[in-house]
Amino acid sequence: MSKGITSRQEDYSKWYNDIVVKADLAENSGVRGSMVIKPYGYAIWEKMKEQLDKMFKETGHQNAYFPLFIPKSYFTKEASHVDGFAKECAVVTHYRLKTNQKGEIVVDENAKLEEELIVRPTSETIIWSTYKKWIHSYRDLPILINQWANVVRWEMRTRLFLRTSEFLWQEGHTAHATAEEAIAETKQMLDIYAEFAEKWMAMPVIKGSKSESERFAGALDTLSIEAMMQDGKALQAGTSHFLGQNFAKAFEVKFTSKEGNEEYVWASSWGVSTRLMGALIMAHSDDKGLVLPPKLAPIQVVIVPIYKNEDQLETIRIKVKEITEKLKTKDISFKFDDRTTQRPGFKFAEWELKGVPIRLAIGPRDIENGTIELARRDTSEKKIYNIEGIENIIKDLLHEIQDNIFKKALKFRKENTFKADTYDEFKKIIEKGGFVLAHWDGTAETEEKIQQETKATIRNIPFDSPEEEGKCIVTGKPSKRRALFAKAY
RNA sequence: CGGGGCGUAGCGCAGCCCGGUUAGCGCAUCUGCUUUGGGAGCAGAGGGUCGCAGGUUCGAAUCCUGCCGCCCCGACCA
């Protein structure tokens with residue numbers, strides 16, 4: 001492992017990339033724009049998945065699995081949906097290879113598919129074509145299904161975790177008898193995402209609804225949570241869409257209501273992806289490497305032995321065993337790093353790079369005194385504690401760290417969120433980086449003008465943005481609420 | 001798709017302009033000894049179709065032609 005990572009100040013994107021690669025989270029693969037998620041990175045994703053999955057199930061959802069391939073005809077049924085995704089679809093056209101006269105492996109032109117298959121960029125169409133078969137009566141509703149899957153969007157420019165051609169995600173697809181119910185579901189799932197972001201990722205988010213031009217292709221309303229990264233840019237961390245009856249109409253999904261009327265089904269869909277990994281990294285990490293919130297850290301405590309010979313290591317091993325037994329009773333995950341091939345200093349640096357919240361170091365000195373050195377990743381603070389009762393101290397400290405990094409992120413967001421009442425003010429803030437709350441006349445033209453001139457977009461219109469009389473910073477037309485603007489990932 | 005750049009050891013690069021005999025450096029790897037409370041030191045070793053294909057030449061990493069791949073900027077974008 002090479003020393004050091006680029007500092008945030010020097011080159012923020014390089015810093016991000018260094019962390020991903022050097023903390024062993026992921027790397028680029030031989031396929032353009034597609035990444036390999038390495039075991040340590042995948043372990044973090046698994047922690048996220050586990051918690052989200054639990055939250056989905058607690059709210060009555062079930063998991064299912066739908067095909068990777070979508071027949072082109074399904075895909076093209078909902079017009080705005082096609083418009084939104086057509087330019088980034090991978091398409092399967094053949095099903096066989098052959099060897100030509102030169103001995104090369106080539107596509108067998110005789111094995112052309114009658115109908116091309118789209119590799120799913122999202123599954124609304126395949127799922128709604130299936131729901132048609134499942135839904136006939138109001139008694140069949142609601143359907144509350146989630147799927148954990150991979151999807152492909154052929155992006156022009158990719159970055160590890162933040163935007164890759166293939167990514168992992170979950171997509172919820174629900175069907176309801178009424179608009180109210182579907183809207184309530186849409187909101188509920190956004191709340192779940194926000195709770196997960198704040199309580200688990202320790203990342204404060206702003207809930208709101210998207211402007212029309214940022215809406216999901218085929219949705220009537222898109223809600224999002226937006227988080228601020230350390231460079232002041234916004235990252236969309238999750239979306240929940242109210243799809244109205246668009247997909248039901250496109251796929252002819254009707255049900256007979258209690259009153260005996262034939263009606264179209266109402267829908268929602270919602271998703272978060274491996275992009276959350278990128279958010280997690282950029283929300284908390286520092287120039288020494290990753291900083292993980294204890295609740296998502298695959299290893300919460302790492303123990304590094306310090307010794308001069310095999311005898312000393314053996315003594316330490318026995319002591320460590322006592323400690324780890326106690327950690328187990330407190331449900332604390334740990335790793336005893338007894339590799340003899342690396343020296344302590346190397347291990348310290350490595351585990352800091354990997355963001356382990358707490359490090360214990362124990363050597364002959366400690367054995368003699370019944371003590372242990374404890375270092376916090378979030379503050380870099382080091383303290384000597386008695387081994388007796390250390391498990392309680394660690395348990396409390398893990399909560400404190402979780403809390404501390406959330407507060408730190410919240411403070412940073414507050415310090416970098418501003419109100420602007422003139423376009424000049426607005427431009428200055430955007431230039432520097434940060435969130436801007438400003439009045440906007442509600443038109444796509446103004447939104448586009450702002451984006452063209454400043455590269456900032458409307459992230460969302462925050463739910464907690466109070467009603468107030470204002471004037472659009474560009475056109476001066478009246479506005480009732482401030483929208484959240486920022487440059488975004 | 002437009003503009004720019006790059007392909008030489010696992011990674012990062014020098015050499016190319018001005019052709020010349022064993023193709024070099026740093027990191028990593030391996031071996032040995034000494035080390036181990038903040039990324040060890042010394043000594044030695046291994047590792048290369050110089051992106052691919054042609055051409056020019058006594059001789060090509062170096063010059064010429066074609067091709068392929070990748071990266072950056074722009075355009076595009078849940």
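Below, chain A is the first sequence line, B the second, and so on; all start at residue 1. No experiment lies behind these values; they were computed from the predicted model shown.
Minimum heavy-atom separation, A:Ile430 to A:Ala486: CD1-CA, 4.1 Å.
Counting only heavy atoms from C-beta outward, the side chains of A:Thr222 and A:Ser209 never approach each other to under 4.5 Å. In this structure the side chain of A:Arg359 reaches within 4.5 angstrom of the side chain of A:Glu352, judged on heavy atoms.
Across all strands, A:Lys288 comes closer than 4.0 Å to no nucleic acid atom at all (heavy-atom distances). Residue-level contact check: A:Thr222 touches neither bases nor backbone, having no heavy atom under 4.0 Å from any strand. Among the protein residues, A:Asn309 comes within range of no part of the nucleic acid, since none of its heavy atoms lies under 4.0 Å from any strand.
Put simply, A:Lys455 has a side-chain N or O that comes within less than 4.0 Å of OP1 or OP2 on B:rG74. Between A:Arg343 and the phosphate of B:rA40, there is a side-chain N or O to OP1/OP2 separation shorter than 4.0 Å.
Of the candidates B:rG39, B:rG38, B:rC77, the closest approach to any side-chain atom of A:Phe348 belongs to B:rG38. Listed nucleotides: B:rG37, B:rG39, B:rC77. Nearest to the side chain of A:Glu350: B:rG39. Nearest to the side-chain atoms of A:Lys87 among the listed nucleotides B:rC76, B:rG37, B:rG38 stands B:rC76.
Only the P atoms considered, B:rG15 is 14 Å distant from B:rG20, to the nearest whole Å.
Within the shown strands, nothing qualifies as a pairing partner of B:rG48 under the Watson-Crick or G-U definition with both distances less than 3.5 Å. With a 3.5 Å ceiling on both atom-pair distances, the Watson-Crick or G-U wobble partner of B:rA43 is B:rU31.
Taking atom CD of residue A:Glu88 and atom C1' of nucleotide B:rC1, one finds them 16 Å apart after rounding to whole Å.
Scanning atom types as modelled, one donor and one acceptor separated by under 3.5 angstrom connect the side chain of A:Lys382 and the base of B:rG38. Donor-acceptor pairing under 3.5 Å, judged by distance alone, is present between the side chain of A:Glu352 and the base of B:rG38.
Within a 6.0 Å sphere centred on CD of A:Glu453, other residues, nucleotides and ligands contribute more than 12 heavy atoms.
In this structure, A:Phe247 and A:Phe251 have parallel ring planes: the angle between them is below the 30° cut-off, well short of the 60° mark.
Taking for each of A:Glu214 and A:Ala361 the nucleotide of RNA chain B with the nearest heavy atom, the 5'-most of the two is the partner of A:Ala361.
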